[in-house]
Structure formats: C-alpha cells, structure tokens
Enquirer: 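First the structure, which I've put down as structure tokens, then a few questions once you've had a look.
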2 protein chains.
Amino acid sequence: MQQVADRASVSISTVSFVVNNTKPVTPETRDRVLRAISELGYRRNTAARALASRKSRILALIYPLLDHRNHHAFVEAAATAAEEHGYNLVLWPLHSDNVTTEITSLIQAGFADGVLLMEVQFDDERVTRLHEAEAPFALIGRTRDLDGIDYVDIDFERTTETAVADLAELGHRDFSLVLEDLSDTPLAGYAPPFRAEETFRRVISERGLKGAVFRVPHRARAISSVADEILRDAPNTTAIIAMHDEAALSLVNALPHRGIAIPQDISVVALATATTLADVTDPPLSTYVAPGHELGRKAAEILIARLEGRGAPAGQALITCLPHKGGTVAPARAPATSPTAP
Amino acid sequence: MQQVADRASVSISTVSFVVNNTKPVTPETRDRVLRAISELGYRRNTAARALASRKSRILALIYPLLDHRNHHAFVEAAATAAEEHGYNLVLWPLHSDNVTTEITSLIQAGFADGVLLMEVQFDDERVTRLHEAEAPFALIGRTRDLDGIDYVDIDFERTTETAVADLAELGHRDFSLVLEDLSDTPLAGYAPPFRAEETFRRVISERGLKGAVFRVPHRARAISSVADEILRDAPNTTAIIAMHDEAALSLVNALPHRGIAIPQDISVVALATATTLADVTDPPLSTYVAPGHELGRKAAEILIARLEGRGAPAGQALITCLPHKGGTVAPARAPATSPTAP
DNA sequence: TTGTAGGCGTTATCAT
DNA sequence: ATGATAACGCCTACAA
C-alpha cells in the first residue's frame, strides 16, 4: 500500500480512501492511485482489512455434508446477491456432529460477519445457539418459533394446496402423498415433510377427497418399492404428489412396468424440485419447481440487511413453487360411473 | 487474549504458545491457560492470526456454478482431510466469466493459502495464471500439460478399458458409447469425454469389436431422444456405456418403452457416476463409481503437502472407478448364429 | 481534499 | 519455560 502511495505521490490513507470509496478524492489523484494500483498489481490484504475494520465481509453458508438435495441455484443466487453488496459468500462444509459450536466460532473468531443456515429443523439447536451468541444469521427454512428471526423459506403450505387444487380440477379425487421419511437420520425434524403432510390432510378433508400418505426412507430398496406399496394400499389412487425426488423418478419409471400408464391411469407430480430433474423421465416429470434462485438472493439480502441495518425488523419471506408442465399429469380417467356398467 | 493471560497469571505470549502448541509449556500453566480460555469463551481472531502469521489456513475450493455434477462426496472428504491437517476448506462460488483473475486474487489478498480447482479443461487458463502467479494450487482433473503440476484425477482410460473388457467377457461385441456433448458450453474442452472416447475407440479396435459413439448435449430434448438415436444408428448394439448420467437414466427408462428389455436385450452401464444415482431406475443402474471420496482427500493432502513441503515433487494421482453391481448388465443375448434360422 | 498516527489481536523474535 | 515487544497491513479519527 505504501508503494502504491509513493508511486501515486499521495499518502497511504488516500489510497485507502480510493480503494474503499470512504472519502471524496479528486478525480486526478484517484486516477493516479488507480493506475499505480493496477501497475503494481496491488491487492489489499484480507486479514489486515478485516482486523482493522472489524469486518470480514464474509458470509458463511453452512453447507451440510448430507448430500440431501441439489442447492446449486440457491448458492449461485446467494453468491451473486452477496457480491452485489460487497460481500463474499463462502460455503463452509460442516459435519453434523459438532456443528453447533463451530458455527458460532465462525463469527466469534471473526471469520464471517454472518451465517446462512439451511436444512433447518423445527427445533434447531444451531439457531438457539446463534441467537444466544447474538450472532447475525438468517435461515433458509423455518424453525417452529419464528419470533424476530430472519428467514426465507418455500411456502410448502401454499404449494401443497395448489398442487391438490390443480389436480382436483382435473377430476382427481383419490390422492397419494409421498414424503421423505427422515426419522432415524440427522435430519429428523426437518420441517418440509411435516408441513406438506399437514396441509395435504387438511385440504383433502376440506374438499372431501380421499388421501393416503406414504413415508419413504432414503434407502434404495424402499424407494424402488413405493410403487408397489401404493398399488397395494391405495389401489384407487389416480394422482400421486411426491415431495421426494428419487421416489418421484422411481414411480414414473416403475409404474409402467406394473401395467399402469402415466399419465393416463395415474398422474404424478413432484413438489419443490429442481428443474433439472424433470427431464430424465419419460414422459418428463411434472413438477412444482423449488424457487432456488429467489430463495438464495433473498436470504443473502436479508442477512446483509441485518448486518448493516441498525436493528431492523426481522426479514421474513415465503416463496411459492410454480408449476412446471411436464408430461405426467392428465385429467382423471372417468370412473366407472355406474356400478352396473355393461 | 490479554484477559486470558491475566486470568491465568501468565503473559500473553504463553497463551499463544498454548493455543498454537508452538513451544513447550508446563502442564500446570497449560491447564491454567486452557481453563481461563474456556471460562472466558475465548477464541482467537482469525484476521489477526492470519495477519501476524502470514497464513490464513484456508484452502479455497473453487466451486463452479455450472451445476454440472454432484460433488458431495468429494467435498466432504476434502474438508475432512483439510481439517485433520489444521486447515479449513471453504467452497468459493465463482461464475465462469471473471474466474481467472478472481482466483489469483484469493491468494494474493491472503484470503487463502492455496486453491483447489475442479472441472479442469485440457487447456485451462486458470491453471496458467495460477502458475504464473506462483500461487499454490492443485487440480481435480488434468490439463494437457502436467509438468510439475499437482493433481488428482479419475483414471478414465483405465475405467473405460475395464468397462469394455467386462462387457466383452459377457459376450458383447457391439457397443455404443454415450458422452456429454459440452461444445458450445463453458465446459467445452472438459477432458473426460475425450479421454473416454479415445480409449473406447482404441480398445474397440484392438479387440476387433464394433463401437459407435453418441454425443449428447444437456438439453432435455436431446437426452430423451438418445434411445431412439441409438436404435436407429446402431441397431445391433447390445451394450451401452454412458458417461452422461442423465442419459444413462433416460436410457434405462426409455428403452423398455421401445420394446427393448434391460438387461436381456441391451446392457447399460454408467461410467464415473455417484452411487446415489444408481437406484432410481428399475432395474437399478450398473455403474463404475466415481471415487469422489478418495479424490477429495488426496487433493487436499497434495495441496497441503505443497504448502508445507519445501519444493516437493508434484503430487499426482489417478484413481480408477470401481464397478457397482446393478441390474442393467447381463450376458449378451446369443446372436442369431445362422442367417437362415428357421 | 489530503496527511499523520494510533490501534486492530496475533505471532514470532529475542531476551531472561 | 516464560515474558516483553516489534511487526503484520490496513482503517479511521483527527489534524492540517
């Protein structure tokens, strides 16, 4: 920095002003400084900057090593948004064991200014601890208690409701809902399946429809047998709603082998799914697309607002999944209306 | 730190010695210090540490925002290995435009001590620049010129060769290879498809077999029509080797709709694939599993060796994909031996 | 608009 | 085995 200052014949602080836009500087001096910087290939030292300013300008996205879902769109949007505000987003991979303490350390050690949490559970110890430590954070997902908490989440309630409504409009009356069974995993307590189920049951009953719920673990065996389970336990189902990507794929693949035509006999839709998944099946899967991009951007922005806004009210946002037309949904096949059909 | 020192009645430097294990300390004083630390909840400041020691202890894994593949196993292993050596791995998401300069900045700004690069291309500008800047880095993947370069990579040559050999042993004589077509994408020049194709052609010709190559873009339309293309252009194929996950899935799903039984009529195997993919098809996909875990660990270790070893020779490693038995491979159906069969 | 100087929290060197 | 103290590179009042 001193070298830059010398070369531009200014003081070291002027260089700082230019680099940080912290004080007005005459265009000419600014130019000289900028030129010196690029000629010397100067880059300000992250550590020194963080030390002196007490800000790292880093947002840490805690990146669960559970391989649970595809987060690319989300990460990309969050990183972009962060950058637009002068922050950098890094993904900080953490195993599930000692997560809680490590997360607060990140902030207390000054590595990050704020933390983004995903795969949030109903009652999430990480959230409690971050709150206690008064560490700035935002959630992708929702805990049970949301008082004063910054978050963005998918509106699973609305999405589920819409999915049922859309199918009902096509004449479907007998539904099956397929969910991830995460009990006995570190993700038990992961809220989305619960929210979807609750909404599903409510809507089904409000509309006087029939609905069965299937919980499917992530073991391969279980996934490949959903099809048979549904055919056995809910044989009149004409519409399957799956919030379990692998199961959705598996269903579209397996049902035809059981003599069921998709979508003529049974319609299948996936909930809160990455678009990329849709097209590996034949016919392509109809989905309600997870708004990864919007979630990521909003999450970053909410966190930054917290970081910079002086005690602003909590930023909270729910985003609905929009339908992506595939080929696995059709009107319900007309039921055998008369029991004594010829 | 001063508070800790006071509380333990030692000097600030003793605290440092304890915390860093840099000098011998009497067990008693060490205990006092440790106790003071935990009582006060002290954490050393990342920035100050980095500033004073000129080391950030951060390895940045440049994380391509291209959503090209599933890197979880890799990331997890690399993070674990790094931690074992006292480093932290962060994923640094970068768009493909200005990557090159940003990567060297990371090091020049002292944010990271070293960089891990993935999705490496044959001729990769990032590598050139990092080399010029004398920034420590290691590749997951290989450039064309590997002189003095640290890398780990999948041994695509050997894996492809094995795949053909295994199928040939089952009596298959007529092969199709399905590859990702990445031309016109930022990943054109991504080496794996080329390596696989070259090996495939060589082995096919050495063994006097028949082989056709299909290049499939990532557009949904293209993927879902591979099946038809193969049936049209290579109608006698009995074994399909796919280094394109989506295409592999799609094939297993689509071929039965065309009257082809898998694996009785045609065998399908996927190359360099995450295990998780295997079980969404029916029957489950047979694969040669990408050694994500080994790659991640080795990559981190090689980079750390470079960081700490004084001018050690380049660390280079190739790892072969091992077969994962699924249900999509079977002996070749006996050919209609006599042209005049009854 | 620009310069001066103190301080950010550690590490590392040199004494003791 | 422990302590005193100068860097580390930058930011930021405060002064000019």
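Throughout, a chain's letter reflects where its sequence line sits, starting with A, and its residues are numbered from 1. Basis for what follows: all heavy atoms, side chains included, without hydrogens, waters or symmetry-related copies.
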Enquirer: For Glu102(A), enumerate each residue passing the salt bridge (charged side-chain N to carboxylate O under 4.0 Å, His left out) test, keeping only those at least two apart in sequence or located in another chain.
Expert: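 Glu102(A): no salt bridge (charged side-chain N to carboxylate O under 4.0 Å, His left out) contacts found.
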Enquirer: Among residues two or more places apart or on two chains, list those pairs meeting salt bridge (Lys or Arg N to Asp or Glu O under 4.0 Å) that have a residue in residues 136-154 of chain A.
Expert: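 Listed by first then second residue: Asp123(A)-Arg144(A), Arg142(A)-Asp153(A), Arg142(A)-Glu157(A), Asp150(A)-Arg306(A).
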Enquirer: If we count only N and O atoms by modelled type, under 3.5 Å, do the side chains of Arg30(A) and Asn21(A) hold a donor and an acceptor together?
Expert: yes
Enquirer: For the helix from dT1(C)-dA16(D) to dT16(C)-dA1(D), what angle separates the axis at the start from the axis at the finish, each from five pairs, in steps of 10°?
Expert: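 Taking the rotation axis at each end, their angle is 30°.
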Enquirer: What I want to find out is whether Arg32(A) reaches Glu28(A) closely enough, with some N-O distance under 4.0 Å, to be called a salt bridge.
Expert: no
Enquirer: What nucleic acid atoms does Thr14(B) come within less than 4.0 Å of, heavy atoms only: base, sugar-phosphate, or nothing?
Expert: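 Sugar-phosphate, no base atom in range.
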Enquirer: Could you list all the side chain to side chain donor-acceptor pair (under 3.5 Å) pairs where at least one residue sits in residues 129-138 of chain B, not counting sequence neighbours?
Expert: none
Enquirer: With sequence neighbours excluded, what pairs up with Thr46(B) under the side chain to side chain donor-acceptor pair (under 3.5 Å) test?
Expert: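 None.
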Enquirer: Measure the acute angle between the ring planes of Phe111(A) and Phe111(B), then classify it against the limits of 30° and 60° as parallel, tilted or perpendicular.
Expert: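 The arrangement is tilted - the two ring planes meet at 30° to 60°.
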Enquirer: Treating Asn20(B) as the side-chain partner and Phe17(B) as the backbone partner, does any N or O pair qualify as donor plus acceptor under 3.5 Å?
Expert: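 No, the answer is negative, given that no donor and acceptor are paired below the 3.5 Å cut-off.
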Enquirer: Where along residues 15-34 of chain B does a heavy atom come under 4.0 Å from DNA chain C, residue by residue in number order?
Expert: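 DNA chain C contact set from residues 15-34 of chain B: Ser16(B), Asn20(B), Lys23(B).
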Enquirer: I need the CE-C1' distance between Met1(A) and dC11(D), as an integer number of Å.
Expert: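 Nearest whole value for this atom pair: 8 Å.
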Enquirer: From Ile37(B) CD1 over to Met1(B) CE, what is the distance, rounded to the nearest 0.5 angstrom?
Expert: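 Answer for the CD1-CE pair, Ile37(B) versus Met1(B), is 8.0 Å.
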Enquirer: Which nucleotide span of DNA chain C, 5' end to 3' end, has atoms closer than 4.0 Å to non-hydrogen atoms of chain A?
Expert: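 Nucleotide range with atoms under 4.0 Å of chain A: dT1(C) to dG9(C).
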Enquirer: Check whether Arg43(B) reaches the backbone of Gly41(B) with its side chain - one donor and one acceptor, N or O, closer than 3.5 Å.
Expert: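 Side chain of Arg43(B) to backbone of Gly41(B), a donor-acceptor pair under 3.5 Å: no, none is there.
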Enquirer: Can you name the residues that form a salt bridge (charged side-chain N to carboxylate O under 4.0 Å, His left out) with Arg44(B), not counting sequence neighbours?
Expert: none
Enquirer: Nearest 0.5 Å please: distance from the CD atom of Glu83(A) over to the CG atom of Leu59(A).
Expert: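 Those atoms lie 11.5 Å apart.
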Enquirer: Glu39(A): what forms a salt bridge (charged side-chain N to carboxylate O under 4.0 Å, His left out) with it, not counting sequence neighbours?
Expert: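 In terms of salt bridge (charged side-chain N to carboxylate O under 4.0 Å, His left out), with neighbours along the sequence ignored, Glu39(A) is linked to Arg7(A).
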Enquirer: Name every residue in residues 37-52 of chain A that has at least one heavy atom under 4.0 Å from any atom of DNA chain C, in order of residue number, or write none if there are no such residues.
Expert: Leu51(A), Ala52(A)
Enquirer: State, without any angle test, whether Glu308(B) and Tyr87(B) hold a side-chain donor-acceptor pair at a distance under 3.5 Å.
Expert: yes
Enquirer: List for me each residue that meets side chain to side chain donor-acceptor pair (under 3.5 Å) alongside Thr29(A), sequence neighbours excluded, and say none if there are none.
Expert: Thr26(A)
Enquirer: For DNA chain C, determine which residues of residues 3-11 of chain A have any heavy atom closer than 4.0 angstrom to one of its atoms, and list them numerically.
Expert: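 Nucleic-acid contacts, sorted: Val10(A), Ser11(A).
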